[in-house]
Chemist: 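Dropping a structure here in structure tokens format, bear with me for questions.
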Amino acid sequence: MLTIAVSKGRIYEEALPLLAEAGIVPVDDPEKCRKLILRTSRDDVHLVIIRATDVPTFVEYGAADMGIAGKDVLLEHGAESLYEPLDLKIACCKLMTAAHKDAPIHRGRIRVATKYVKTAHRYFAGKGIQAEIIKLYGSMELAPLVGLADCIVDLVDTGNTLKANDLEPRELIMNISSRLVVNKAAMKMKNQAIASLLDQLEKTLANR
Ligand code: AMP
């Protein structure tokens, strides 16, 4: 049995066609049923659809053999304990700093609101900028508007969310896409099943 943990929402939606091409189609609809473990068209594959930030944890501890998560989440988790064999090139976006469109470029110590505390810390430290990082769990865009922070670090796709809140993208930290991650022990113990799925996904990606 292979268990694949998939991030809820956009990543799950974009992973579905990819998984389908590898012969994995969920039998249960997570929107309609309350099941947490979804059966699929393959008797030997189950999906668990969970919060993005929990995917690396499930895979690291072997609760799932494989996972699909954004590079942003993997960077923040510190995913050295996982194999990351495939860039699935889905849910693509950019991890950026953003600030109010009229805000000056700060030279001194800055306050940054983000849910990516470790990544932001690393980024500003790497640039020699003193940054006080304020952890938020959502609605980061609000922070510069109410004086909580000088800037934010968040994912940007179309830029519409920033624009709607009078913010603008400033610096690109990293291009982000979803990755397939594999538990290290599972890679050995279930090598045949995992290798064959990786192979199928790789072929599908090459043909896209
Ligand atoms: P947009 O307005 O299209 O730039 O999207 C920005 C909003 O969507 C922000 O709240 C982001 O956190 C979120 N977002 C954008 N791309 C992704 C992604 N690939 N995965 C998860 N959240 C995303």
Side-chain angles (χ1 to χ4, degrees), residues 4-21 26 30-31 38 47-59 64 66-79 82 84-103 110-124 131 133-181 201 204-205 208:
I4 309 175
V6 187
S7 306
K8 268 185 194 164
R10 186 181 314 213
I11 293 176
Y12 176 66
E13 298 300 328
E14 292 193 30
L16 277 179
L18 206 55
L19 290 170
E21 284 184 66
E31 297 282 322
L38 304 183
L47 301 182
V48 288
I49 315 301
I50 55 181
R51 271 182 83 120
T53 46
D54 290 335
V55 170
T57 308
F58 271 62
V59 178
M66 309 172 88
I68 298 178
K71 186 65 185 172
D72 52 322
V73 167
L74 297 172
L75 272 178
E76 190 63 20
H77 181 85
L82 309 171
E84 191 190 305
L86 265 189
D87 181 347
L88 299 174
K89 298 193 168 71
I90 55 169
C92 296
C93 57
K94 294 174 191 304
L95 185 67
M96 301 198 71
T97 67
H100 192 275
K101 60 184 174 37
D102 301 326
I110 56 167
R111 281 213 303 214
V112 182
T114 187
K115 62 178 170 188
Y116 301 104
V117 172
K118 289 188 206 153
T119 309
H121 197 77
R122 231 179 286 133
Y123 175 71
F124 287 107
I133 314 288
I134 300 173
K135 166 96 183 179
L136 291 181
Y137 292 87
S139 302
M140 258 80 75
E141 297 83 7
L142 192 55
L145 305 181
V146 296
L148 179 61
D150 301 302
C151 68
I152 62 172
V153 167
D154 196 10
L155 298 178
V156 181
D157 182 12
T158 61
N160 289 339
T161 308
L162 293 180
K163 210 167 174 186
N165 291 291
D166 292 330
L167 304 181
E168 64 180 14
R170 291 273 170 99
E171 290 160 38
L172 173 69
I173 299 177
M174 198 182 190
N175 286 310
I176 300 293
S177 56
S178 295
R179 310 299 166 96
L180 188 84
V181 288
L201 288 170
T204 303
L205 288 168
R208 276 194 157 188

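Counting starts at 1 for both ligands and their atoms, following the listed order.
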Chemist: Tell me, which protein residue and heavy-atom name are nearest atom 21 (C) of ligand 1, and how many Å apart are they?
Modeler: Leu155 CD1, 3.7 Å
Chemist: Give, for atom CZ of Arg179 and atom CG of Leu88, the distance between the pair rounded to the nearest 0.5 Å.
Modeler: 8.5 Å
Chemist: Looking only at protein heavy atoms, which one is nearest to atom 12 (O) of ligand 1, and what is the separation?
Modeler: Asp154 OD1, 3.3 Å
Chemist: Which ligand 1 atoms, with their elements, are less than 4.0 angstrom from a heavy-atom of Asn160?
Modeler: 2 (O), 4 (O)
Chemist: Starting from atom 3 (O) of ligand 1, what is the nearest protein heavy atom, named by residue and atom, and what distance separates them?
Modeler: Thr158 OG1, 2.6 Å
Chemist: Quick one: look at Glu141 and ligand 1, take heavy-atom pairs under 4.0 Å, and tell me if it's side chain, backbone, both or neither.
Modeler: side chain
Chemist: Should one rank Thr161, Ile90, Leu162 by closest heavy-atom distance to atom 7 (C) of ligand 1, which comes out on top?
Modeler: Thr161
Chemist: Considering only heavy atoms, does Asp72 approach ligand 1 within less than 4.0 Å through its side chain, its backbone, both, or neither?
Modeler: neither
Chemist: Would you please test Glu84 and Lys71 for salt bridge (Lys or Arg N to Asp or Glu O under 4.0 Å) and show each step?
Modeler: CA-CA 10 Å; Glu84 191 190 305; Lys71 186 65 185 172; 2.9 Å; yes
Chemist: Would you say Ile11 has any N or O atom under 3.5 Å from an N or O of ligand 1, going by distance alone?
Modeler: no
Chemist: Can you tell which of Pro26, Ser178, Ser7 makes a side-chain contact (heavy atoms from CB on, under 4.5 Å) with Tyr12?
Modeler: Pro26
Chemist: Considering only the protein, which heavy-atom contact is closest to atom 16 (N) of ligand 1, and what is its distance?
Modeler: Arg10 NH1, 3.1 Å
Chemist: Checking side-chain hydrogen bond (donor to acceptor under 3.5 Å, both in side chains) for the pair Thr97/Glu171: CA distance, chi angles, key distance, verdict?
Modeler: CA-CA 5 Å; Thr97 67; Glu171 290 160 38; 4.7 Å; no
Chemist: Please verify whether a non-hydrogen atom of Gly70 lies at under 4.0 Å from ligand 1.
Modeler: no
Chemist: Just need the protein heavy atom nearest to atom 19 (N) of ligand 1, so name the residue and atom and give the distance.
Modeler: Ala91 O, 3.0 Å
Chemist: With side chains defined as the heavy atoms from C-beta onward, is the minimum distance between Leu155 and Asp72 less than 4.5 Å?
Modeler: yes
Chemist: State, yes or no, whether a side-chain contact exists between Tyr116 and Asp154 at a heavy-atom distance under 4.5 Å.
Modeler: yes
Chemist: Could you measure the distance from the CZ atom of Phe58 to the OG1 atom of Thr53? Nearest 0.5 Å is fine.
Modeler: 10.5 Å
Chemist: Is Ile152 close to Leu167 at the side-chain level, that is, under 4.5 Å between some pair of heavy atoms?
Modeler: yes
